[in-house]
Amino acid sequence: MAELPCGEDPEPCEPGPAGPLFVPVRPGPAGCVARLFRTPVGGRTAVAFTSPHRLSAALGHRQAWIRLSEPALRSLAEPLGVSEVTVDPRLAAHPVGPPQPIAVRRGPAPRKSLVGALTARND
């Protein structure tokens, strides 16, 4: 069977989400701006979600969003040098909120400082 080019194939070459996506935004100088994130290896990516529930589960219920198609999101991110779009990521960020108090342990002073211990071993 002859292979068809991507444009003529009835099945898409790279499956993508169907329909509009929910894209997190932040306020900008001229209105809303799509938020960009970093991948675990440090690359920049645009992020989108397939439902508002998934967006608020990852970023919180106060996160503002707009609905965009994947091609529209790519065209917004491309001039910024971002070519990757991540759909429904599982973010590994700490929850945002007031800082928690840190318990300070009080006890006897250590006998030797770390520097003294390291110097003693190197002599």
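Predicted model, so just to flag it, every value in this text is computed and none were measured. Numbers here simply count residues along the sequence, with the first being 1.
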In terms of hydrophobic clusters joined by side-chain contacts under 4.5 Å, are Val82 and Val47 together? no
On a heavy-atom basis, the closest approach of Ala48 and Val23 is CB-CG2, 4.1 Å
Any side-chain donor near an acceptor of the partner, Arg26 and Gln63, under 3.5 Å: no
I'd like to know if the side chain of Asp88 and the backbone of Thr50 have a donor-acceptor N/O pair within less than 3.5 Å. yes
Would you check if Arg35 and Val25 make a side-chain contact, meaning some heavy-atom pair closer than 4.5 Å? no
For Leu73 and Ala34 the tightest heavy-atom approach is CD1-CB, 4.3 Å
Counting neighbours of CD on Glu78 that are heavy atoms of other residues, nucleotides or ligands and sit closer than 6.0 Å, is the number greater than 12? no
Got a donor-acceptor contact below 3.5 angstrom from the Ser56 side chain to the Gly60 backbone? no
Taking the side chain as every heavy atom from C-beta outward, state whether Pro24 and Phe49 have any pair of such atoms under 4.5 Å apart. yes
Mind checking side chain to side chain donor-acceptor pair (under 3.5 Å) for Thr45 and listing every partner two or more places apart, or none if nothing turns up? Thr86
If we only count heavy atoms from C-beta on, is the Phe37 to Leu59 side-chain gap below 4.5 Å? yes
Do Leu80 and Leu36 have side chains that get closer than 4.5 Å, going by heavy atoms? yes
Show the numbers, then the answer: is there a side chain to side chain contact (heavy atoms under 4.5 Å, CB included) between Glu84 and Thr39? CA-CA 10 Å; Glu84 186 176 341; Thr39 65; 3.8 Å; yes
Heavy-atom closest contact (Ala58 atom, Pro89 atom, distance): CB-O, 4.4 Å
Within the structure provided, determine whether Arg38 and Arg44 are in side-chain contact (heavy-atom separation under 4.5 Å). yes
Closest heavy-atom contact between Ser75 and Ala72? OG-O, 2.8 Å
Heavy-atom check, side chain of Leu21 versus side chain of Leu68, under 4.5 Å: no
Can you tell me how far apart CG (Leu55) and NE2 (His53) are? Round to the nearest 0.5 Å. 11.0 Å
